[in-house]
Asks: 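If you scroll down you'll find the structure; I have some questions about it.
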Amino acid sequence: VVPRNPLFSNVPFASGMPIRPGAINPLNPETGRPDPRRYEFQVAQNINVTETRLVPFKTLRAAADQIDILRRCIEVTKSKILGFNWDITLGEDSAEKLVSEIGGNRTRAMATAREQFNDDITRLREFWKMPDKQNGYTFYDWLNVALEEILVLDAWAIWPQMTVGGDLLGLQILDGSTIKPLIDDRGMRPQPPFSAFQQILYGFPRSEFTAPTETEDADGEFTSDELAYFIRNRRSTSVYGYGPTERALPLADIYLRRQQWIRGEFTDGTMPKSYLELPETTVMTPEQARAWENIYNDDLSGQTAQRNRLRVLVPGGKLHFEEGYSDKFSDAMDNYLIASITGHFGVLPSEIGFNGSGSLGASGLQKGESDSAENIGII
């Protein structure tokens, strides 16, 4: 253990002598202390094949397919990125390195490098025109599938399919919800040759993979035993990501219930915009009160036109309008929900078909929101 300050035990009202750790991991032979765990993971986490996520992947898939605002945000984001042109070329950030290696000025170094790497660039362009040959996925198709996995699950699993001769045939995107990341005794990703991922199908592991060897010597070399598992929003407390669909899910649930309430108000609602107050001298049995209620409810239930017509009241009755009834249909709540949900995806409400009320300076505001959405979402 790390030495303790002996003064702690002699000082009144001190912070206290720290408790000596009880190691549960093997001791590091160099320090004599255990290395820290990444997080307090579930005991026997690798053995448990049942999904332990707070929000199951199936729920995220269903929400992305059935909640219209989530689907529109996903499709808008995908359309923006898929609308870009792509190419394989030398990046500007490599210019300084090329100048130091090749010599000469920047223009000459870049020209020499393009000539040197021309065959590799051509080969890469041909590969990425159809990165998944077995499924016939063009780059557009392949990236479309990839973005779906990233935006919905934040679990992008890529398996390198090899030819009989050992060459790379294509990069196949697997269903990220079937991949279970494994951990070692410290909660870290196991390094090769130990398995780092398993595919869970029909309630049992059916195949397993190692993590890619991420070194310069192995760059571009793959085997069918490897699996690349990308997460956009990584956290230290979980092996899974936290994508925009999951982040927006609580608000999307309120949005969905709001839609259901509005629909029910027109199809099943019995609450009129006014109440009938009878005189205090009215003598009425419970059966008679129920009969009057049935008369009004039968006439008004689901009848939007009837509920807005003039009603003849019983003698002495007073009509009271419900306060705040129109506020329930105000767009303030809807605008808040829409802006909050689209914000998780870096999408503007106007991009999915919702336009806020115009006001002075609205053009400049929308321009600023557009720039912010581009920074948060697309870039």
Side-chain angles (χ1 to χ4, degrees), residues 51 53-84 86 132 135-158 172-179 229-233 240-267 329 331-357 366 369-379:
E51 197 171 352
R53 288 173 47 84
L54 180 62
V55 180
F57 281 131
K58 289 184 178 179
T59 301
L60 297 179
R61 292 278 196 206
D65 289 344
Q66 298 174 18
I67 302 180
D68 67 311
I69 189 171
L70 294 182
R71 175 46 54 184
R72 279 186 281 176
C73 288
I74 292 170
E75 294 302 325
V76 166
T77 305
K78 288 163 63 175
S79 297
K80 286 183 176 182
I81 297 178
L82 293 171
F84 287 123
W86 68 274
D132 185 354
N135 290 313
Y137 284 177
T138 64
F139 180 76
Y140 181 95
D141 300 325
W142 190 87
L143 187 57
N144 185 65
V145 176
L147 290 171
E148 182 77 14
E149 298 297 293
I150 295 169
L151 296 173
V152 177
L153 304 181
D154 199 7
W156 183 21
I158 303 176
Q172 294 186 346
I173 299 176
L174 308 182
D175 179 1
S177 65
T178 66
I179 303 301
Y229 186 81
F230 295 104
I231 293 174
R232 181 185 178 193
N233 190 3
Y240 298 105
Y242 192 48
T245 298
E246 186 171 0
R247 297 197 303 269
L249 197 58
L251 289 168
D253 178 63
I254 299 176
Y255 173 84
L256 194 61
R257 294 177 185 274
R258 168 77 168 168
Q259 286 185 319
Q260 292 172 340
W261 174 81
I262 292 177
R263 180 180 183 275
E265 185 69 16
F266 289 103
T267 58
F329 294 92
D331 58 1
M333 172 63 75
D334 300 300
N335 290 335
Y336 164 75
L337 291 174
I338 292 167
S340 300
I341 293 171
T342 56
H344 284 292
F345 291 87
V347 172
L348 290 176
S350 58
E351 292 178 314
I352 63 171
F354 290 92
N355 292 314
S357 57
Q366 189 173 24
E369 290 177 342
S370 178
D371 294 341
S372 175
E374 183 176 2
N375 289 327
I376 296 173
I378 304 306
I379 296 180

Asks: Report yes if some heavy atom in the side chain of Ile341 is under 4.5 Å from a heavy atom in the side chain of Tyr255; otherwise report no.
Replies: yes

Asks: What distance do Asp331 atom CG and Phe354 atom CZ have between them, rounded to the nearest 0.5 Å?
Replies: 11.0 Å

Asks: Verify, without hydrogens or angle tests, whether Asn135 (side chain) and Tyr137 (backbone) share a donor-acceptor contact under 3.5 angstrom.
Replies: no

Asks: Measuring centre to centre across the rings, with the benzene-like ring taken for any Trp, is Trp86 within less than 6.0 Å of Phe139?
Replies: yes

Asks: Any idea which heavy atoms bring Trp142 and Ile173 closest together, and the distance?
Replies: O-CD1, 3.3 Å

Asks: Find the distance between OG (Ser79) and CZ (Phe84) and round it off to the nearest 0.5 Å.
Replies: 11.5 Å

Asks: Working to the nearest 0.5 angstrom, can you tell me the gap between His344 NE2 and Thr245 OG1?
Replies: 10.5 Å

Asks: Are a donor atom and an acceptor atom from the side chains of Asp141 and Thr138 found within less than 3.5 Å of each other?
Replies: yes

Asks: What's the shortest heavy-atom distance between Ala64 and Arg71, and which atoms?
Replies: O-NE, 3.0 Å

Asks: If you take all heavy atoms of Leu249 and Ala63, which pair is closest and at what distance?
Replies: CD1-CB, 3.5 Å

Asks: Before accepting this row, confirm whether a basic side-chain N of the pair Lys58/Glu51 lies closer than 4.0 Å to the acidic partner's carboxylate O.
Replies: no

Asks: Quick check on salt bridge (Lys or Arg N to Asp or Glu O under 4.0 Å): which of Arg232, Lys78, Arg61 does Glu149 satisfy it with?
Replies: Arg61

Asks: Before you tell me yes or no, could you show the steps for Arg257 and Asp253 under side chain to side chain contact (heavy atoms under 4.5 Å, CB included), namely the whole-Å CA-CA distance, both residues' side-chain angles and the distance that decides it to 0.1 Å?
Replies: CA-CA 6 Å; Arg257 294 177 185 274; Asp253 178 63; 3.0 Å; yes

Asks: As a quick check of understanding, evaluate side chain to side chain contact (heavy atoms under 4.5 Å, CB included) for Leu147 and Thr77, giving each step before the final call.
Replies: CA-CA 9 Å; Leu147 290 171; Thr77 305; 6.0 Å; no

Asks: Once you round to the nearest 0.5 Å, how far does CD of Glu246 lie from CG of Leu54?
Replies: 7.0 Å

Asks: Do the side chains of Leu70 and Phe345 get nearer than 4.5 Å, heavy atoms only?
Replies: yes

Asks: Could you check if a side-chain atom of Asn233 sits within less than 4.5 angstrom of a side-chain atom of Arg247, using non-hydrogen atoms only?
Replies: yes

Asks: Atom CD1 in Ile158, atom OH in Tyr229: separation rounded to 0.5 Å?
Replies: 12.5 Å

Asks: Do you know the tightest heavy-atom contact between Ile231 and Gly241?
Replies: CG2-CA, 3.4 Å

Asks: In Å, rounded to the nearest 0.5 Å, how long is the span from CD1 of Ile69 to CG of Leu337?
Replies: 7.5 Å

Asks: Is any side-chain heavy atom of Leu256 less than 4.5 Å from a side-chain heavy atom of Gln260?
Replies: yes

Asks: Between the side chain of Thr59 and the main-chain N/O of Val55, is any donor-acceptor distance below 3.5 Å?
Replies: no

Asks: When you measure from the centre of the six-membered ring of Phe57, is the NZ or CZ of Arg53 closer than 6.0 Å and no more than 45° off the axis?
Replies: yes

Asks: Ignoring hydrogens, what is the shortest heavy-atom contact between Leu251 and Ser340? Give both atom names and the distance.
Replies: CD1-CB, 3.4 Å

Asks: The test is salt bridge (Lys or Arg N to Asp or Glu O under 4.0 Å); show your working for Arg72 and Glu351 and say whether it passes.
Replies: CA-CA 9 Å; Arg72 279 186 281 176; Glu351 292 178 314; over 6 Å; no

Asks: Side-chain contact test, heavy atoms from C-beta onward, threshold under 4.5 Å: evaluate it for Thr342 versus Leu348 and give yes or no.
Replies: no

Asks: Given Asp68 and Gln259, is the side chain to side chain contact (heavy atoms under 4.5 Å, CB included) satisfied, shown in steps?
Replies: CA-CA 11 Å; Asp68 67 311; Gln259 286 185 319; 3.8 Å; yes

Asks: Could you check whether Phe230 and Trp156 have their ring centres less than 6.0 Å apart?
Replies: yes

Asks: Ignoring hydrogens, what is the shortest heavy-atom contact between Tyr242 and Asp154? Give both atom names and the distance.
Replies: N-OD2, 3.1 Å

